[in-house]
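These notes concern the structure reproduced below.
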Amino acid sequence: MTLELRTAGESHGPALVAIVSGLPAGLTLDRDAIDHDLGRRQRGYGRSPRQKLEQDRVEVLAGLRHGRTLGSPLALVIRNRDHENWSWGMSPWPPEGDATGKGATPVTLPRPGHADLAGALKYGHDDTRDALERASARQTAVQVAAGAVAKALLRQIGVGVGGRVLEIGGHALEEEWQGTTDAARAGRDTLGGIVEVVAEGVPPGLGSYAEKETRLDARLAAALMGIQAVKGVEIGDGFALARVKGSEAHDEIGPDRRRETNRAGGIEGGLTNGEPVIVRVAMKPLPTLMRPLRSVDLESGEPGEALVERSDVQAVEALAVVAEAAVSWELARAAREKFGGDALSDFLGAHVAYLERIRWNA
Ligand SMILES: Cc1cc2nc3c(=O)[nH]c(=O)nc-3n(C[C@H](O)[C@H](O)[C@H](O)COP(=O)(O)O)c2cc1C
């Protein structure tokens with residue numbers, strides 16, 4: 001028994017969709033809680049006006065009845081409200097009438113740092129929009145919706161997951177984040193940053209030892225690297241552990257099998273060890289600059305400036321929410337593998353029986 005997620009959707013197409021399979025029947029979902037996370041993803045000081053335009057809301061087309069999961073695949077939809085301005089340019093079918101609105105003019109100047117060039121080459125597109133629309137991080141909206149569903153399941157076994165910003169543009173102090181974002185905006189530049197996600201109440205024994213598909217650290221790294229613009233992931237003290245001695249690197253085990261330190265970030269040997277799971281994620285500066293970088297016109301071969309499209313200055317606050325969703329998803333998936341069950345009560349019963357067997361006070 002495992003959770004699976006499939007998504008589809010272009011940034012300015014009609015909608016984003018997700019199919020979530022492997023949930024137990026009988027899990028209560030709260031529409032407001034999902035929409036709350038969608039709203040958290042859209043807020044943040046460095047976001048573009050598009051975020052205000054859209055106000056994402058989840059729609060459920062299948063798998064839910066009267067707010068409770070049926071055990072069948074859950075189908076989620078988030079409409080792109082901005083699509084009305086792109087209805088000719090992003091029409092799924094051949095559009096009628098003269099070219100009008102956004103997306104009507106082909107884009108031939110790929111943006112460095114985006115999928116534009118390699119995507120157009122790989123798939124044989126003349127208009128890089130055919131690549132960049134799917135490559136866009138707009139897609140993270142449905143991942144946040146799926147993460148909110150995962151969080152609902154995790155809450156049932158007492159696991160809470162939270163993401164927060166540690167740094168923006170190299171500044172660790174919150175008071176400096178607005179100023180540094182304003183300065184980047186004024187310079188028509190962009191910023192990156194670092195976020196941290198902590199999961200509390202995770203039982204020992206999620207994940208396994210030896211393969212990248214089963215080790216939880218490998219799975220978390222893959223889930224987080226799967227987010228656009230993420231360029232580094234560390235578990236616990238991560239890179240810093242490479243610079244200290246063993247006596248300063250590991251977490252000694254107390255009589256109650258708990259630890260006073262958590263340098264391992266709650267994972268040893270690919271398994272959760274019962275301490276909070278801690279991951280940090282590095283995000284590169286966003287690649288669409290209002291002062292465009294040099295590029296080449298794919299049609300004429302002439303040098304030019306990359307496409308300028310409305311874009312965020314930084315999206316580090318948003319990344320904290322997306323990373324929280326990714327960690328929640330991966331932990332929920334590992335919990336489904338460990339505890340199974342078609343009905344929620346089976347899943348919860350297996351969790352309780354396991355904690356009793358290992359005499360673990362959650
Ligand atoms: C929440 C979020 C919002 C983003 N917003 C933008 C944006 O407004 N402009 C932009 O150029 N890149 C944005 N990105 C990053 C790009 O989507 C990403 O850098 C690009 O698709 C290339 O992928 P890569 O950086 O993983 O190589 C965002 C990423 C995330 C996670």
Side-chain angles (χ1 to χ4, degrees), residues 7 9-12 16 37-54 56 78 80 82 102 107 109-123 125 128-148 163-169 181 184-185 188-197 221-233 279-293 295 305-327 329:
T7 70
E10 279 72 43
S11 179
H12 301 100
L16 304 164
D37 276 356
L38 294 176
R40 287 172 63 219
R41 190 196 75 93
Q42 291 187 286
R43 286 193 292 273
Y45 195 67
R47 309 304 312 275
S48 78
R50 177 178 185 187
Q51 305 305 330
K52 295 190 187 82
L53 205 93
E54 295 205 343
D56 289 331
I78 300 172
N80 289 323
D82 200 16
K102 295 183 176 175
V107 180
L109 284 154
R111 297 162 300 171
H114 271 287
D116 301 7
L117 175 61
L121 295 176
K122 176 177 166 78
Y123 293 100
H125 300 313
T128 62
R129 181 158 307 284
D130 288 336
L132 67 89
E133 282 282 330
R134 176 63 181 155
S136 159
R138 170 77 188 134
Q139 192 257 355
T140 57
V142 276
Q143 290 186 331
V144 167
R164 68 187 179 114
V165 174
L166 294 184
E167 285 183 27
I168 296 177
T181 303
R185 185 181 281 117
R188 294 187 296 149
D189 219 323
T190 60
L191 299 171
I194 299 176
V195 308
E196 180 178 81
V197 181
L224 291 160
M225 290 295 293
I227 302 169
Q228 286 85 348
V230 167
K231 295 298 139 191
V233 176
V279 299
R280 278 184 287 275
V281 181
M283 182 183 214
K284 75 182 187 183
L286 302 179
T288 307
L289 270 65
M290 295 300 119
R291 188 182 56 202
L293 299 173
S295 184
E305 291 186 337
L307 165 72
V308 177
E309 184 150 293
R310 187 176 52 194
S311 184
D312 303 335
V313 176
Q314 52 88 1
V316 188
E317 293 112 313
L319 177 66
V321 181
V322 179
E324 174 185 303
V327 169
W329 178 264

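Sequence positions, counted from 1, serve as the residue numbers for this chain. Counting starts at 1 for both ligands and their atoms, following the listed order.
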Rounded to the nearest 0.5 Å, how far does CD of Glu317 lie from CZ of Arg164?
14.0 Å
N/O donor-acceptor pair under 3.5 Å between Arg47 side chain and Arg41 backbone
yes
Side-chain donor-acceptor contact under 3.5 Å, Thr190 with Arg291
no
Lys102 with Glu309: basic N within carboxylate O range, under 4.0 Å
no
Could you tell me whether the side chains of Gln139 and Ser11 share a donor-acceptor contact shorter than 3.5 Å?
no
Not counting sequence neighbours, which residues clear salt bridge (Lys or Arg N to Asp or Glu O under 4.0 Å) with Glu167? List them please.
none
List ligand 1's nitrogen or oxygen atoms that come under 3.5 Å of a protein nitrogen or oxygen, with the partner atom and distance.
{"residue": "ligand 1", "atom": "5 (N)", "partner": "Asp312", "partner atom": "OD2", "Å": "3.3"}
{"residue": "ligand 1", "atom": "8 (O)", "partner": "Ser311", "partner atom": "OG", "Å": "3.2"}
{"residue": "ligand 1", "atom": "8 (O)", "partner": "Asp312", "partner atom": "N", "Å": "2.9"}
{"residue": "ligand 1", "atom": "8 (O)", "partner": "Asp312", "partner atom": "OD2", "Å": "3.2"}
{"residue": "ligand 1", "atom": "9 (N)", "partner": "Ser311", "partner atom": "OG", "Å": "2.6"}
{"residue": "ligand 1", "atom": "11 (O)", "partner": "His114", "partner atom": "NE2", "Å": "2.8"}
{"residue": "ligand 1", "atom": "11 (O)", "partner": "Thr288", "partner atom": "N", "Å": "2.9"}
{"residue": "ligand 1", "atom": "11 (O)", "partner": "Thr288", "partner atom": "OG1", "Å": "2.6"}
{"residue": "ligand 1", "atom": "21 (O)", "partner": "Ala135", "partner atom": "O", "Å": "3.4"}
{"residue": "ligand 1", "atom": "25 (O)", "partner": "Ala229", "partner atom": "N", "Å": "3.2"}
{"residue": "ligand 1", "atom": "25 (O)", "partner": "Lys284", "partner atom": "NZ", "Å": "2.8"}
{"residue": "ligand 1", "atom": "26 (O)", "partner": "Ala229", "partner atom": "N", "Å": "2.9"}
{"residue": "ligand 1", "atom": "26 (O)", "partner": "Lys231", "partner atom": "NZ", "Å": "3.4"}
{"residue": "ligand 1", "atom": "27 (O)", "partner": "Lys231", "partner atom": "NZ", "Å": "3.1"}

